[in-house]
Every structure is written in C-alpha cells, then in structure tokens.
K.L.:
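Take a look at the following structure, please.
This is a predicted model, so every value here is computed, not measured.
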Amino acid sequence: MTAYPTASRWTGQARRKSLVANFTIESSRINYCFGQFFSIFVKGWQERECLRAYFAVINYNNLVLKMTNVISGKPGVKADQEMEVRSFLRGVILDQCESLEDLGMWLHFILQPYPMVHQARLLLLLYGSLSRTSAPFRDLAVAIKALHGHSEWNTDSVISVLEEVTACPNEWLDDNVARLLCMCGEAIVIPVLASKAINGKMTQLSSIIVGLAVVTYLSNLNMSWLVKILREVCDIVPSEHDVVGLVDATVSYFRTVILALPDQGDVGRMVMFEDAVSAFTCFTRELMMTSIKPSTKAGRQHLMTEE
C-alpha cells in the first residue's frame, strides 16, 4: 500500500506557509498605509527636518540594528530581516516619493552612514530582483539617477557605488551591467565609460560597449545612440592613443565573443551567437553611415557645383 502523508502534517505545513505569506502581505500593506501618513506629515519640510524624522522612525522600529545585521553578513543568510528592512524602507519611505529629487534625498539619508560597499549592498537589498530567474533593473536605475541628482552625490560617488553594485555579491555578467547602464541614461553612462578609458581599464570598457551594442540591438533601439555615446567618450579621453586603444579593444572583444559562442550542440549558445553577430552588424553599419554621410553630402555638393 502506498504511504501518503497524514492530513494533519500536510495541513500544518500548508498553514505555516500561509501564515508567513499572509504576514508578509499584511506587513507590506501596513507599511504602505503608514508611509502615506508619513509622507503627508513631512510634506514641505526642510531636508534637515526630514532627516530628523527619518531617524526617529527607524530608531523607533529598531531598524538600524537590523540594517547593520543584514549588510554585515552574507546575502540571503538573514532573509527574514532582509525582507523586513526592504518592506519597511520601500513601503514607508521610498515608494511614497513623487519625484526623483525626493527619492534622492531619502536614499541619501539611508545610505550616508555606511561605507561604499555597504551602500551598494543596501541598494541591491532595496531594489534588487526578488527572483533568480529575472533581473529587472528599472527601479535600481531610477534609484541611481535619483542619487546622481542629489547635491551630496557627485559623479565620482555614483561611479564608485555602481562599481560596487555590479560586483555584488559576485561580478555581474556584461549584458546585465549594460542593461543597467542603458536604463541609467547618458548622464551616467558617459562618465562611467570615460572613467574606465582614462584609467586604462580597456578590457572592462570594451566588454561594456559590446554589452551595450547587444542590449541596444535586442531592445530595438537605434544604434546611433551608442555611437553618439562613444563619440562623447572619445572627446573626453586625454589622447588619440587612448581613442585608438578603445577602438582596438572593442573590436577585439567583439571578435572574442563571436568566436567563443558557436556550438552546434547548444541551442542557447547559437541564439547568443546570432544576437552578437547581428549586434555587431548593426553597430558597424551605424559607424559606417556616420562616417560616410558627411563625405557623401560633400561629394554631391561638389558634383552640383561642377554642373
């Protein structure tokens, strides 16, 4: 006779799971409702007054200790506290913000007491994906743009925290770095790429450029966007030698990626191979059109003059 689990054991397990799920949902609802009250209460306050209100709220809920416990340990070890911190800060404060300016202010309050590596951990805790099967970067990109617009955060600070974010808990895939940068916009992409070029990090730079080309192609965006960014980066780098190094490294990385991908026995790798080749084709075409258009126009004008 086949043995089945007893009804009492099954219902007990199901009940515990249901209680945890309901507790999480109810906690999120309570936090959001309290957040609506809190946002109305502090509306119109000066930044210094908002800072005092922020510390009053998190100290009352003993959140400082929980945040410290979470960021000082390995990711996922204290999952319950991670979710509690995320749910409270998102529901009560961050998701209530009506502008990037407000979001930048509150994020600054949350991050400023910690060193850069812990700031990156907190950003991922607050805006990282809750699923291992997907990586939505929109909210994280919005948070980074908000910080970039805050008076206490200069471009170098944003670049530094981005470096830490994309290396936590392990170094990100090139495509994921490119997707995040793409969503952050030109104001952040250009200085990030220029910083790597100036500091001679050509391998990292070329991998990001190739990733941006693939993301641009897969997102059906105009490749002229990427060409424009590269042109501005080349205007920032100190010498023509660096520009040549950037071009050589990018072409070489494209070649490495394309040669490494083909594998007839792996359908997924063949799809990646086709995407990489298509992205390189679109990228090369846009570069050629950019360089040919002015000379073509000049040639036509020359012919018209002779006629």
Side-chain angles (χ1 to χ4, degrees), residues 58 63-91 93-95 100 103-104 106-150 152-185 187-196 199 201-212 214-215:
I58 65 169
L63 205 68
V64 175
L65 178 60
K66 293 172 184 175
M67 291 167 67
T68 302
N69 289 338
V70 164
I71 62 178
S72 60
K74 293 183 179 180
V77 172
K78 299 178 180 178
D80 291 343
Q81 287 192 6
E82 288 180 354
M83 286 303 301
E84 188 176 350
V85 170
R86 178 185 176 117
S87 177
F88 185 87
L89 291 177
R90 287 284 298 265
I93 298 174
L94 300 175
D95 290 350
L100 281 180
L103 180 60
W106 292 110
L107 277 173
H108 175 63
F109 293 163
I110 294 169
L111 300 180
Q112 67 169 337
Y114 303 100
M116 191 67 68
V117 63
H118 288 166
Q119 290 178 355
R121 282 282 305 275
L122 275 174
L123 274 176
L124 284 175
L125 173 63
L126 294 170
Y127 291 108
S129 174
L130 294 177
S131 170
R132 293 187 177 183
T133 59
S134 64
F137 298 122
R138 178 185 172 279
D139 289 347
L140 181 57
V142 170
I144 291 170
K145 287 193 286 187
L147 286 172
H148 187 250
H150 192 271
E152 296 293 328
W153 283 71
N154 56 34
T155 301
D156 289 339
S157 300
V158 173
I159 291 175
S160 297
V161 81
L162 264 172
E163 291 280 352
E164 294 291 345
V165 164
T166 54
C168 181
N170 300 307
E171 192 167 346
W172 288 20
L173 296 175
D174 296 338
D175 288 1
N176 287 338
V177 176
R179 288 184 187 280
L180 176 59
L181 287 176
C182 188
M183 292 183 180
C184 286
I188 293 174
V189 174
I190 292 172
V192 167
L193 298 184
S195 173
K196 292 187 181 298
N199 290 297
K201 298 179 179 179
M202 290 301 176
T203 302
Q204 292 183 20
L205 176 60
S206 60
S207 68
I208 294 176
I209 292 172
V210 171
L212 285 171
V214 174
V215 169

K.L.:
Passes side chain to side chain contact (heavy atoms under 4.5 Å, CB included), Val161 versus Leu111? Steps please.
P.N.:
CA-CA 11 Å; Val161 81; Leu111 300 180; 5.6 Å; no

K.L.:
Determine whether more than 12 heavy atoms belonging to other residues, nucleotides or ligands lie under 6.0 Å from atom CG of Asp80.
P.N.:
no

K.L.:
Going by side-chain hydrogen bond (donor to acceptor under 3.5 Å, both in side chains), name the residues that satisfy it together with Trp172, two or more places apart in sequence or in a different chain.
P.N.:
none

K.L.:
Calculate, to the nearest 0.5 Å, the distance between atoms CH2 and CD1 belonging to Trp153 and Ile159 respectively.
P.N.:
12.5 Å

K.L.:
Kindly give the heavy-atom pair with the smallest separation between Arg138 and Met183, and that separation in Å.
P.N.:
N-SD, 3.5 Å

K.L.:
Leu125 vs Leu122, test: side chain to side chain contact (heavy atoms under 4.5 Å, CB included). Steps then yes/no.
P.N.:
CA-CA 5 Å; Leu125 173 63; Leu122 275 174; 4.1 Å; yes

K.L.:
Salt bridge or not between Lys78 and Glu84? Use side-chain N to carboxylate O under 4.0 Å.
P.N.:
no

K.L.:
Find out whether Leu205 and Ile208 are in side-chain contact, i.e. whether some heavy atom of one side chain is under 4.5 Å from a heavy atom of the other.
P.N.:
no

K.L.:
Distance from His108 atom NE2 to Leu147 atom CG, nearest 0.5 Å?
P.N.:
9.5 Å

K.L.:
Can you measure from CG (Leu89) to CH2 (Trp106) and round to the nearest 0.5 angstrom?
P.N.:
11.0 Å

K.L.:
Please name the pair of heavy atoms, one in Val165 and one in Leu124, separated by the smallest distance, quoted to 0.1 Å.
P.N.:
O-CD1, 3.7 Å

K.L.:
If I compare all heavy atoms of Leu162 with all of Leu180, which pair ends up nearest, and what's the gap?
P.N.:
CD2-CD2, 3.8 Å

K.L.:
As an exercise, state the distance from OG1 of Thr166 to CG of Leu173, rounded to the nearest 0.5 Å.
P.N.:
11.5 Å

K.L.:
Ignoring hydrogens and angles, tell me if any N or O in the side chain of Ser160 forms a donor-acceptor pair with the backbone of Asp156 under 3.5 Å.
P.N.:
yes

K.L.:
Rounded to the nearest 0.5 Å, what's the gap from CE on Met67 to CD1 on Ile58? Could you check?
P.N.:
5.5 Å

K.L.:
Just so I know, are the side chains of Val210 and Ser207 near enough to count as touching, which here means a heavy-atom distance under 4.5 Å?
P.N.:
no

K.L.:
Identify the two heavy atoms, one from Gln112 and one from Gln119, that lie closest to each other, and give their separation to 0.1 Å.
P.N.:
CA-NE2, 4.1 Å

K.L.:
Please report the shortest heavy-atom distance between Gly211 and Asp175, naming the atom on each side.
P.N.:
CA-OD1, 4.0 Å

K.L.:
Got a sec, which residues hit ring pair (Phe, Tyr, Trp, His ring centres under 6.0 Å) with Tyr127, two or more places apart in sequence or on another chain?
P.N.:
none

K.L.:
Could you tell me which non-hydrogen atom of Val70 sits nearest to which non-hydrogen atom of Arg121, and how far apart they are?
P.N.:
O-NH2, 2.8 Å

K.L.:
Walk me through whether Asp174 and Val214 qualify under side chain to side chain contact (heavy atoms under 4.5 Å, CB included).
P.N.:
CA-CA 10 Å; Asp174 296 338; Val214 174; over 6 Å; no

K.L.:
Is there a donor-acceptor pair under 3.5 Å between the side chain of Arg179 and the backbone N or O of Val215?
P.N.:
no

K.L.:
How many angstroms lie between CG in Leu181 and CD1 in Ile188, if you round to the nearest 0.5 Å?
P.N.:
8.5 Å

K.L.:
Looking at Asp95, is its backbone amide N or carbonyl O close enough to the side chain of Arg90 to form a donor-acceptor pair, meaning the two atoms are under 3.5 Å apart?
P.N.:
no

